[in-house]
2 protein chains.
Amino acid sequence: MNVDETAPQKGTVTQRAIERIKAMIAEGRLEPGQRLPTERDLAAQLGISRSSMREAIRALTVLGVLEARHGSGIYVTQLEAGDLLETFGVVADLSRGPRLVELLEVRRILESTATAMAAARITPDQLAEVEKHLTAMNATDDPEEILAHDLAFHREIVAAAGNETMAAILEGLSSRTFRARVWRGYQEEGAFTRTRREHAAIHRALVARDPEAARAAAAAHVGEVEEWLRTQLGG
Amino acid sequence: MNVDETAPQKGTVTQRAIERIKAMIAEGRLEPGQRLPTERDLAAQLGISRSSMREAIRALTVLGVLEARHGSGIYVTQLEAGDLLETFGVVADLSRGPRLVELLEVRRILESTATAMAAARITPDQLAEVEKHLTAMNATDDPEEILAHDLAFHREIVAAAGNETMAAILEGLSSRTFRARVWRGYQEEGAFTRTRREHAAIHRALVARDPEAARAAAAAHVGEVEEWLRTQLGG
DNA sequence: CGACTGTATTGGTCGGACCACCTCGCTGGT
DNA sequence: ACCAGCGAGGTGGTCCGACCAATACAGTCG
């Protein structure tokens, strides 16, 4: 009989190694920030080759679970929302057609709620930061700069809502490449002035600390783009 | 001067390979379902070793972008919401403490809206399926079976909302291991009857085709667990 | 005591070998 | 002419061993 459970033999050895390491973290045997054994030792422990172990480590690295530092070692990340949800941007980058509308719908739901929450609890400092990006956005004609401040504007508001997980998801849904692809066409139709008005409305609701007004303004803001994109596709 | 752009040399070769393949898909040079060249050919094309290429492929495989079939070849997935958001479950599995509350908050926001949407557009067939799981859930005492029908109950409703992306996200937020970890403690406190009442309320709202009632019922349902978990942590 | 250096450690890359599985064309019989 | 069975080639999966590159640390020198 087996001294060690070498066992089920399901799936590839690499896949099993991924599950084993994930399980170690889930069970608390590996803490955030902790350093793992070397690739060579890990491979020996699980009875697989270094090559297969490297594939497992690489997979967990792109998932934001592990972090490999050349010459130093392999570490568990802090496992914070930002670490794990970075891959969410991949979804936005590779989605096309109808799925882009669905993503915008998700963003509308989450961002409108986040903006409402922010209206109720935003601090003066955070509000000042929001205003900074609002004015900067209106003071330039460079589309690149406008986009950057646009992103920062919403990012500050979402951060003020106080839910890091939601913020990380919305960050992925507003990733640079995603916005650039959709915004390009949208803004070409002279939507700048409308965007400015909508941003102003969101800002007013924040100043007034009116959650419902903030929710409506944010929903309308995203909804505008959503509607435009829908007509672009459906016909 | 370079005949072929042999590149900036930023990051590891594997990381660059991942970006190259992702870019090929984003640019449409690789269609969903299409077969890629062999690992050996791909490695040669990008001028890297097969080992490094395999790590890149493995990474894209766990992200749900590629699919490797032993003996056959490597294929691009259908790139549907379910494929790409499967990794979302990892977040739920590895989150602990305050982040679990944040995840439940996100679920509350999305699921309440999804349930409201479902109330407006659910078909008789779908409603019958929902009822099937509702009665089955109430007809047994086996916690495992209850959990299974509970999941299916919500899954059917969310599917009726018509947004596959949202459904895929909620699937990750309700993954078996996540629910098992939280529900275990929650149900031990005799919350079965309360859960049954809440499910009944959601069902009534769907039958009445009342979106706002459905939203409220779903929000309360998730909110109950959220509140319970908050007290478990905060003290 | 501090800056420097050299050496051991560790992840990154490479090339080759062999195995397991699948595909598809060939073969032989009906 | 058709089809079941078989076999060779192709492809991903795994392993090994070697070397490179970045880091960490201890010992050394000013």
Side-chain angles (χ1 to χ4, degrees), chain A residues 4-22 24-25 30 32-78 83, chain B residues 4 6-22 24-25 30-78 83:
Chain A
D4 58 335
E5 57 258 70
T6 40
Q9 284 287 30
K10 55 183 173 185
T12 68
V13 295
T14 302
Q15 196 61 40
R16 263 180 288 161
I18 293 175
E19 298 301 331
R20 289 280 295 268
I21 297 177
K22 261 175 51 182
M24 281 193 250
I25 296 174
L30 285 176
Q34 182 176 339
R35 190 192 141 157
L36 279 66
T38 69
E39 294 179 343
R40 296 166 173 87
D41 288 348
L42 271 176
Q45 282 181 29
L46 300 193
I48 65 178
S49 72
R50 194 187 160 204
S51 312
S52 300
M53 178 54 71
R54 272 189 61 77
E55 288 186 23
I57 293 170
R58 174 72 65 178
L60 290 169
T61 297
V62 302
L63 287 179
V65 176
L66 299 182
E67 180 190 355
R69 301 180 204 160
H70 192 168
S72 174
I74 306 164
Y75 302 81
V76 182
T77 67
Q78 290 309 119
D83 299 323
Chain B
D4 58 334
T6 43
Q9 285 284 30
K10 56 182 174 184
T12 67
V13 294
T14 302
Q15 197 61 41
R16 262 179 289 159
I18 293 175
E19 298 301 331
R20 289 280 296 267
I21 297 178
K22 261 175 51 183
M24 282 194 248
I25 296 174
L30 286 176
E31 294 289 328
Q34 183 177 342
R35 188 190 147 161
L36 278 68
T38 70
E39 293 179 344
R40 295 163 173 88
D41 289 347
L42 272 175
Q45 282 181 29
L46 301 193
I48 66 179
S49 71
R50 191 186 162 204
S51 312
S52 299
M53 178 53 72
R54 272 191 60 79
E55 289 185 23
I57 293 170
R58 174 71 65 175
L60 290 169
T61 296
V62 301
L63 288 179
V65 176
L66 298 182
E67 179 189 356
R69 300 181 204 158
H70 192 169
S72 175
I74 307 165
Y75 302 81
V76 182
T77 68
Q78 291 307 120
D83 299 323

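The analysis underlying the following values was restricted to heavy atoms, covering all of them including side chains, and did not include hydrogens, waters or symmetry mates.
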Could you list the donor-acceptor pairs under 3.5 angstrom formed by side chains in residues 30-37 of chain B, with sequence neighbours left out?
unit_1: B:Gln34; atom_1: OE1; unit_2: B:Glu31; atom_2: N; d: 2.9
unit_1: B:Arg35; atom_1: NH1; unit_2: B:Ser72; atom_2: O; d: 3.3

By side chain to side chain contact (heavy atoms under 4.5 Å, CB included), which residues pair with A:Val13, not counting sequence neighbours?
A:Arg16, A:Ile48, A:Ser52
State, with a plain yes or no, whether a side-chain heavy atom of A:Leu66 is found less than 4.5 Å away from one of A:Val76.
yes
Any side-chain heavy-atom pair of B:Ile21 and B:Met53 under 4.5 Å
yes
Salt bridge or not for B:Glu55 and B:Arg58, using N-O below 4.0 Å?
no
Can you build the contact string for nucleotides 9-16 of chain C? Use B for base contact, S for sugar-phosphate-only contact, and - for no protein heavy atom under 4.0 Å.
-BBBBBB-
Among pairs that include at least one residue of residues 43-52 of chain B, which meet salt bridge (Lys or Arg N to Asp or Glu O under 4.0 Å), considering only residues two or more places apart or in two chains?
B:Glu39-B:Arg50
Given a 3.5 Å cut-off on both pairing distances, which stems involving DNA chain D, each at least three consecutive Watson-Crick or G-U pairs, are present, if any?
C:1-30 with D:1-30
Checking A:Arg69 now: which residues fulfil salt bridge (charged side-chain N to carboxylate O under 4.0 Å, His left out) with it, not counting sequence neighbours?
A:Glu67
